[in-house]
Structures are given as structure tokens and as C-alpha cells.
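Whatever order the structure lists ligands and atoms in, that order sets their numbers, starting from 1.
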Amino acid sequence: MAAPEKKSQPHVCVVGAGISGLRCADVLLQHGFQVTIFEARERIGGRILTQPEGLTPMKHATGGKHPIRDLAIATSTPLHTWNSHQNIYTSSGTLLPKAKAASLSTLLWDIIEEAFEYSEAHGASIPETASLYDFIAEKVIEKIPGDDETAREDRKLVSEMSEMWGAYVGHPVSRQSLKFAWLEECCGGEEMFIETTYESIFEAISKPALDGAVIQLKKRVTKITTPEARNSSKISVTTEEGQKFEFDEVVLTTPLGWLKRNKAAFQPALPERILQGMENISVGILEKVYITFPTAFWTEGLEDNFAGYTNWLSPAYASDTNPHQWPQEIWNLAAFSPENRRPTILFYIYGDCSTYITTLVRGKADAEHYTLLDAFFKPYYSLLPNFEEGKAECKPKAILSTEWQKDELNGNGSYCNFQVGIKDAAGDVKAIREGCPERRLWFAGEHTAPFEELGTAAGAYMSGEAVGTRIAEKYKAI
Ligand SMILES: Cc1cc2nc3c(=O)[nH]c(=O)nc-3n(C[C@H](O)[C@H](O)[C@H](O)COP(=O)(O)OP(=O)(O)OC[C@H]3O[C@@H](n4cnc5c(N)ncnc54)[C@H](O)[C@@H]3O)c2cc1C
């Protein structure tokens, strides 16, 4: 029997060429659909390619399903597991002894693990107002009892160390819902960094779509008109230039932050439960600052090549530049395998600090950008081992910073998170994930991922795969 003409195959429009859209296109093509991708940017890749040097940390629970880790292995992309050693500078700038830093950090992570379990088991009875920070503060008293100075100091240190949670979700730990802390559990497992770039992984994800789909760049979708019922008409998509296209199905992968701001793009309006879901879930604001030196002076002469992770707790010694005492943290890219080592420290900044920094350098020419960021971060990097004022090796060669929160195609943020006050976060995700198949409209993207991978690159991939499979099933059933 002759193969059916391509024209007769149902035609699906995927809006957005990030990981979720590309994976969705791949699955649909495998099932014989015609696929057209509309991407607003001049390039494909979405959020994974907005990182300087293409570097993305990957977090996953050991042994869990993780397509990006699997693709990294398949494409021989080197992964790095950080050493367990970490440096903690107290709020006065003193380095904690190694053993103390390790034991307090272990205690903190044990408490966070408990919080995940507690929130999963007792979510229904946990008040919406409770935060992860409240849980940690209560547990710290239980786990470090006593009224002597050491106990008091240790409790304070653990509470301050808990601020590192902000760099996982993009908002302070006091804003993290305890009721729905379990939805963030993917961040609790083993952490791996890609040591080089995302290039090979991305090539593997994008190849099927590049080969088999029509990809139209610079096509910003502004309106989606859905039929009242599947059999009443097709679904149409209008672009910024006013062009209107009809399709059998539309998969929208625009970021949650875009959906929040563009609810009026849907005509007729989306069902109320989906609109509520989009409103209720938050978008984190995480940014990265890469500071590269002529050499990794902080590792010289150290047996263990320095810690992978360093945290400056609530700094009280930089009041000129950081009067709010926003904590600072870095990952040390000089700790990679010898062939991939870079003399770079990578700051993760979030919440008000990230908004302050992105606003500070917005539109500034290179030299001023460098000067402003160097002034802000120097109080921290100048505490690293071997730092000497005036020494050429200790002066940054380059400073790169991201501005995801200023980019509306990124949804003006990093990825979804679940804040204090949210009542039914799991229901919100499910409502968006379900979409409106009866109106030929589907949603994919990190905010619709399986619960164990919400907000991640792996989750985005899985969400695209799931929607592609659901559409194929729908047509099989017709
Ligand atoms: C700061 C930061 C740190 C991160 N850290 C990690 C990490 O450590 N580990 C991890 O696994 N993940 C991390 N992520 C998350 C990961 O990058 C995302 O989850 C993933 O890339 C999202 O893919 P997506 O397909 O859902 O969305 P996107 O990649 O955003 O794709 C959506 C696409 O839609 C396009 N678009 C938007 N609006 C329109 C429109 N109107 N018309 C047409 N096209 C449009 C966009 O240009 C984009 O290409 C991080 C993200 C950020 C920003």
C-alpha cells in the first residue's frame, strides 16, 4: 500500500523551539505528523542556550529517570560530580573549619530531606502560610539543643546556610511553600555539572526537528484562536506581523512567565482552572555571574584543588555595595577534570539581589559593566585563598552576567517555583499540563513537567515527549 501523502497527515504547530518543543516535534514526527515550529527568536534552543558558555548544572536524584544525563552519556559530554568539601565564610568573613562546615551542611540537608518527606506525607494539613524556612528553624532547635554559645552559634549558622535554597528556586527560602516543598525534591539528589558545553546534547535533541519539521524563526505568536469543540473547526495561530495560520493541533511551549503576561492572547479565554494555575505558580529569578581570572589563584598549593562550592553567609563586611547582606555563593569551575578546568568562579544570585544586579548593569558599556560587577563581587572573591591586592593573577580578566529576568521570551525569569500562600500547586500544574485537547490546544514546557522534574531541562524534555505521545494517542483513537 502506498504511503499516505504527507499533506493528508494532521498538521501540528509547536510554538517555541526550546527543549520541550523540539522533543515534542521529534515524537510527533515519529508518529507521522506534519510539524511546523514557530520560534520568536533568531535561534532555536530556548533557555538552555541562554547561558554563557552553554554551561548548565544538572541536578537529579541518583538512579532516577533523567533523559539529559542519559544524553550526556550517549554524546560523551563530560559530567562533573562536585567534591563534598565546601567553604563557608561566616557573616564576619571568617572561614569555618572544614569539619564544622561539613557537619552543619549535612545537618541542613538532612532537615531539607525531612521537609520533603513531611510535606509529601502531611501536605493536606500543612498551612499555606508555612515556609521551608519555618520548618528548618524549628528543626534546628530540635537537632542542636542547648543554650551554650556553641549551640546558639551553630543554630544561627544553619539558619543562615539555609539561604542557599534560594539559588535552587530563584527566591528566598522564606518564600518557599512547605506544603509543596515535595515538588522541588528533584534538587535534592546528586548534582552534576556539564563540564564543557550543552552542544552535543542539544544537537541530539534538535536533529529530528531540524531534519523533519518546518522551523520558522522570528515568528512571534501573539494570538491563538481555539474552536469551541474539536469538530467545529481547526485552531489558528496569529503572529506579530498579523499572519494567521490554521493547524489541526497547537502545542504551546512558551515559558510560564510569558503565559502569565499573555492570557489575553487566547480567544476565547482559557478555562478558568488553567488561568488560575498560570496565576498561582510563580517564576523564580535566578541569574549567574561568571568571573574569570588569569589563573585559578585560589586553588594553587591546595591539596584538594579547593572546594567545589563556597558560600559567604549574610555578609556584614560589604555594607557599601551590599547593605542588605544578600548571601553569595559560587561554584568553582577550576575543580573540573584537568582538561576542562577553567579559572572561573560562577556566582548564583537570586531574588532581590539578582534584580539589583541586572538593573545595575542594564545597558552599560563593557568597561562600566566590569567595574560595577567587580566592585560588587570583590568583597567575596578577595577572601579566597592566595588573594593578594594588586597582583595581576587576582584581577578578573572578564565578567559575564545573565539578564534572564529582563527577557520576555524567557518569561522574565528562570523557571517555575511554589511560593508560600499557594493552595493547590499540584492541581495547578496538572490543570496546565492537561491543556485543552477538546479545543486542540496543548501545553508543554518545564512548568508542565512530571512532578519529579518540574523546572528542569530534563523535565522540559519529558513534558514535550508526553504531549507528543498524547496527541498521537488521540489520533489513534479517532
Ligand atoms: C538561570 C537558569 C538556571 C537554570 N538551571 C538549570 C539547572 O541547573 N538544571 C536544569 O535542569 N535546568 C536548569 N534551568 C532550566 C532549563 O533551562 C529550562 O527548564 C528549560 O530549558 C526549559 O525548556 P522549555 O522548552 O520549557 O522552555 P524554553 O527553553 O524557554 O523554550 C520556549 C521557547 O519559546 C520561545 N517563545 C517564547 N515566546 C514565544 C512566542 N510568543 N512565540 C514564539 N516563540 C516564543 C522562546 O524563545 C523559547 O525558545 C535553568 C534555567 C535558567 C534560566
Side-chain angles (χ1 to χ4, degrees), residues 13-25 36-52 54-60 66-69 71-72 167-170 186-187 189 191-194 198 201-202 205-206 215-224 237-240 250-259 261-262 265 283-289 331 346-350 354 358 401-417 432 443-449 453-465 467:
C13 175
V14 175
V15 180
I19 295 192
S20 62
L22 293 165
R23 177 59 180 154
C24 184
T36 295
I37 302 181
F38 285 162
E39 165 56 53
R41 293 185 203 272
E42 291 176 353
R43 60 156 182 85
I44 60 172
R47 272 171 278 179
I48 49 159
L49 293 194
T50 43
Q51 323 219 18
L55 186 125
T56 290
M58 291 178 13
K59 300 140 188 160
H60 66 92
H66 200 287
I68 303 294
R69 175 203 52 207
L71 281 170
Y168 284 91
V169 298
C186 54
C187 300
E191 285 186 332
M192 294 180 118
F193 260 56
I194 289 167
Y198 234 97
I201 295 175
F202 184 62
I205 295 173
S206 57
I215 303 185
Q216 299 212 14
L217 301 177
K218 295 198 270 179
K219 276 263 184 280
R220 188 188 285 244
V221 169
T222 51
K223 191 162 123 188
I224 298 112
V237 162
T238 307
T239 62
E240 201 171 27
V250 170
V251 180
L252 202 65
T253 75
T254 52
L256 176 63
W258 185 92
L259 294 171
R261 286 177 166 78
N262 289 279
V283 176
I285 40 176
L286 178 68
E287 302 285 351
K288 296 180 183 176
V289 178
W331 293 96
L346 164 55
F347 281 84
Y348 272 59
I349 52 174
Y350 63 87
S354 69
T358 49
S401 64
T402 63
E403 291 188 357
W404 286 294
Q405 61 193 275
K406 307 283 184 197
D407 183 346
E408 65 165 313
L409 297 179
N410 248 10
N412 296 95
S414 43
Y415 42 82
C416 70
N417 70 24
I432 307 172
F443 295 100
E446 52 82 12
H447 50 287
T448 68
E453 282 295 343
L454 277 165
T456 69
Y461 184 94
M462 289 154 122
S463 76
E465 184 172 282
V467 166

Has Lys219 got any heavy atom lying under 4.0 angstrom from an atom of ligand 1? yes
Take every heavy atom of Asn410, measure it against each atom of ligand 1, and state whether any distance is under 4.0 Å. no
Could you list the atoms of ligand 1 found under 4.0 angstrom from a heavy atom of [X]?
X	result
Gly455	15 (C), 19 (O)
Arg220	41 (N), 42 (N)
Pro255	30 (O), 37 (C)
Ile19	25 (O)
Leu409	37 (C), 38 (N), 39 (C), 46 (C), 47 (O)
Gly445	26 (O)

Could you check whether the rings of Phe193 and Tyr348 sit parallel, tilted or perpendicular, using 30° and 60° as the cut-offs? tilted
With a sphere of 6.0 Å drawn around NZ of Lys218, does it hold more than 12 non-hydrogen atoms of other residues, nucleotides or ligands? no
Taking only Lys NZ, Arg NE, NH1 and NH2, and the carboxylate oxygens of Asp or Glu, determine whether Glu446 and Arg47 approach each other closer than 4.0 Å. yes
When you look for heavy atoms under 4.0 Å from ligand 1, do you find them on the side chain of Val15, its backbone, both, or neither? side chain
